Amino acid sequence: MEGSPERHSKKKVVAVVGGGLVGALNACFFAKRGFDVEVFETREDIRQAKIVKGRSINLALSHRGRQALKHVGMEEKIVSQGIPMHARMIHSLSGKQSPIPYGKKGQVNLIILSQNTSLLFAETYPNTKLNFDHKLQDWSAETGLMTFVRPDGSTEEVEADLIVGCDGAFSAIRKQFLRRSRFNYSQTYIPHGYMELTMPPINEEFAMKPNYLHIWPRNTFMMIALPNMDKTFTCTLFMPFEEFEKITTGDEVIEFFQKYFPDTIPLIGADALRRDYFRLPAQAMVSVKCSPYHIGDKCVLMGDAAHAVVPFYGQGMNAGFEDCIVFDEIMDRFNAVLPEYTRVRVPDDHAIADLAMYNYIEMRAHVNSKWFLFRKHVDNFLHFLMPRAVIPLYTMVTFTRTRYHEAVERWHWQDKVIHFEKIIVIWDSFEVVTLSSPRTNGVCDSHWVNNSSF
Ligand code: FAD
Ligand code: EGU
């Protein structure tokens, strides 16, 4: 696929398969460029449907995601529908709550969004058509012909100039990639599952402080709560499947919460807890890495279809949104857009998949509330001492557009600096030494397009 659509007599058709968060946003990017966009989504009109079953209903939107929304003029519209988050709130076993800010005072760039906001954006451009009740069954990499199944069992054939696979972690588009030579693929299910529980409002107000990511770190057990616009919290309990299965009665649920999350029992409600724990089974989490992301000039994968990551960095959607910006920027500069997209994006998506997995392993191994507080304070303190040389990893990942793979490199490098620094500090009897970073252009405004590696 090349250049701008206007050059051709017939407008080029882009088929976005999957109308989740990434598909919906991608539709805007292509529509803005003047392509005719067709979105195909298995589900019925999700704008009317209630909560998506078994799906996380709220998500943390951070800098990368916001930048992507900004590119298509959606940032304000979406952000106004979310709840700003300033800090984490760490809940210790004794019920003590300790806030740890994400950045400088007054700086808010983390927003809690609801999954159902997604298709809000797809309606803004008139050259976008939404096709619900269209499940992709198969497609041909040779012809680009796609076959969709309708709810009545009939099939429909559709042709497009470009197919954009945004159909999530179990992508049907990706199946054709798997049949090809030299396609690398790996998937890993982690031993943990997650379960979502709702914490209702108390006297029509939030049961806990709303502008925080509430965290109960208990090593192998962990709970996270995010606020919703309706003043409820969604609590997500993470634990090994075998532990979920050990709990078989309402009393055991209460006993378990009494032991690990006692402060949440009155807030969720003992009766609700007994009931809701058994409503849905725990959900699995999978990490998927693959490469390349494209086939010829016909098809490209983005979002979870290209890289499902475990949720331990809050970056899955953000990375998928950033995919859209990266692709869009490449369209400005290259004729062979698809191979360039694979070349540039694969190392970054693989880096965030690794980081999220690493954080999962670290948190389940030894992160209790004391350790979490200690680590974040150490990070913040080092940053305070050496603001240019040491930037916490979560800051680079969550609050900048530093390429993910560069954030990882810098993090490894910083580790060395910190050890080196310790030696110098001892040597110089506590005189503060300043070091400059390997790349002196501030990491905070380093965009991938400005980097020398491009
Ligand atoms: P999906 O949201 O999975 O959308 C895919 C769409 O394709 C769906 O609508 C589906 O119906 C459709 N589809 C599937 N198959 C077909 C087919 N054959 N034909 C047509 N349509 C099809 N990310 C963050 O950034 N921040 C967070 O705080 C965060 N928290 C998370 C917490 C949990 C517990 C989990 C599990 C994930 C979290 N994530 C978070 C990750 C985030 O949910 C995903 O990365 C994001 O939803 C991916 O969007 P997507 O559009 O690529 O895929
Ligand atoms: C996990 C599940 C705290 C929503 C990672 C932090 C997350 C979210 C953290 C979920 C954690 C973990 C970061 C943000 C965010 C932290 C982050 C994680 C949103 C390293 C509903 N994570 N998440 N890191 O720093 O960078 O606060 O499901 F507990 S937001 Cl696991 Cl910043």
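Small disclaimer: the values here were computed from a predicted structure and weren't measured. For ligands, and for the atoms within them, numbers begin at 1 and follow the listed sequence.
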Out of all atoms in ligand 2, which are within 4.0 Å of some heavy atom of [X]? Include the element for each.
{"X": "Ile215", "result": "3 (C), 11 (C), 29 (F)"}
{"X": "Met363", "result": "12 (C), 29 (F), 31 (Cl)"}
{"X": "Thr236", "result": "21 (C)"}
{"X": "Thr398", "result": "26 (O), 32 (Cl)"}
{"X": "Phe312", "result": "5 (C), 12 (C), 31 (Cl)"}
{"X": "Ile224", "result": "1 (C), 2 (C), 7 (C), 29 (F)"}

Residue portion contacting ligand 1 (non-hydrogen atoms closer than 4.0 Å) for [X]:
{"X": "Ala24", "value": "neither"}
{"X": "Arg43", "value": "side chain"}
{"X": "Ala60", "value": "both"}
{"X": "Gln315", "value": "backbone"}

Which atoms from ligand 1 have a heavy atom of [X] less than 4.0 Å away?
{"X": "Leu59", "result": "23 (N), 27 (C), 28 (O), 29 (C), 30 (N), 31 (C), 38 (C), 39 (N), 40 (C), 42 (C), 43 (O)"}
{"X": "Asn318", "result": "24 (C), 25 (O)"}
{"X": "Gly168", "result": "3 (O), 5 (C), 53 (O)"}
{"X": "Gly303", "result": "52 (O)"}

Which bit of [X] is near ligand 2, meaning a heavy atom under 4.0 Å away: side chain, backbone, both or neither?
{"X": "Leu59", "value": "neither"}
{"X": "Tyr102", "value": "side chain"}
{"X": "Tyr212", "value": "neither"}

For the residue pair Trp216 and Phe261, does the interplanar ring angle fall in the parallel (under 30°), tilted (30 to 60°) or perpendicular (over 60°) class?
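Geometry flag for Phe261 against Trp216: perpendicular rings.
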The one among Gly314, Pro311, Cys166, Ala356 that brings a heavy atom closest to atom 32 (C) of ligand 1:
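That would be Pro311.
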Which residue from Gly314, Gly316, Pro217 reaches closest to atom 23 (N) of ligand 2 through any of its heavy atoms?
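Result: the heavy atom closest to atom 23 (N) of ligand 2 is in Gly314.
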Touching ligand 2 at all, Phe238? Heavy atoms, strictly under 4.0 Å?
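It does, in that a heavy atom of Phe238 comes within the 4.0 Å cut-off of ligand 2.
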So is Phe372 touching ligand 2 or not, going by heavy atoms under 4.0 Å?
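Yes.
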Interatomic spacing from NE2 in His214 to CD1 in Ile224 - rounded to 0.5 Å
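One finds 11.5 Å between NE2 of His214 and CD1 of Ile224.
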Got a salt bridge between Lys298 and Glu142, using NZ or NE/NH1/NH2 to carboxylate O under 4.0 Å?
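Looking at Glu142 together with Lys298, the answer is no, because their closest N to O distance does not fall below 4.0 Å.
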Side chain to side chain donor-acceptor pair (under 3.5 Å) between Tyr212 and Gln97, worked out:
CA-CA 11 Å; Tyr212 293 85; Gln97 299 188 29; over 6 Å; no
Below 4.0 Å from any atom of ligand 1, is there a heavy atom belonging to His134?
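Heavy atoms of His134 do come under 4.0 Å of ligand 1.
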I'd like to know if Lys135 contacts ligand 1, where contact means a heavy-atom distance under 4.0 Å to any ligand atom.
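For ligand 1, residue contact (heavy atoms, under 4.0 Å) with Lys135 is present.
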Do [X] and [Y] have side-chain atoms, one donor and one acceptor, less than 3.5 Å apart?
{"X": "Thr198", "Y": "Asp276", "value": "no"}
{"X": "Thr143", "Y": "Glu159", "value": "no"}
{"X": "His192", "Y": "Tyr360", "value": "yes"}

Are Phe238 and Phe312 an aromatic pair, judged by ring center distance below 6.0 Å?
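Yes.
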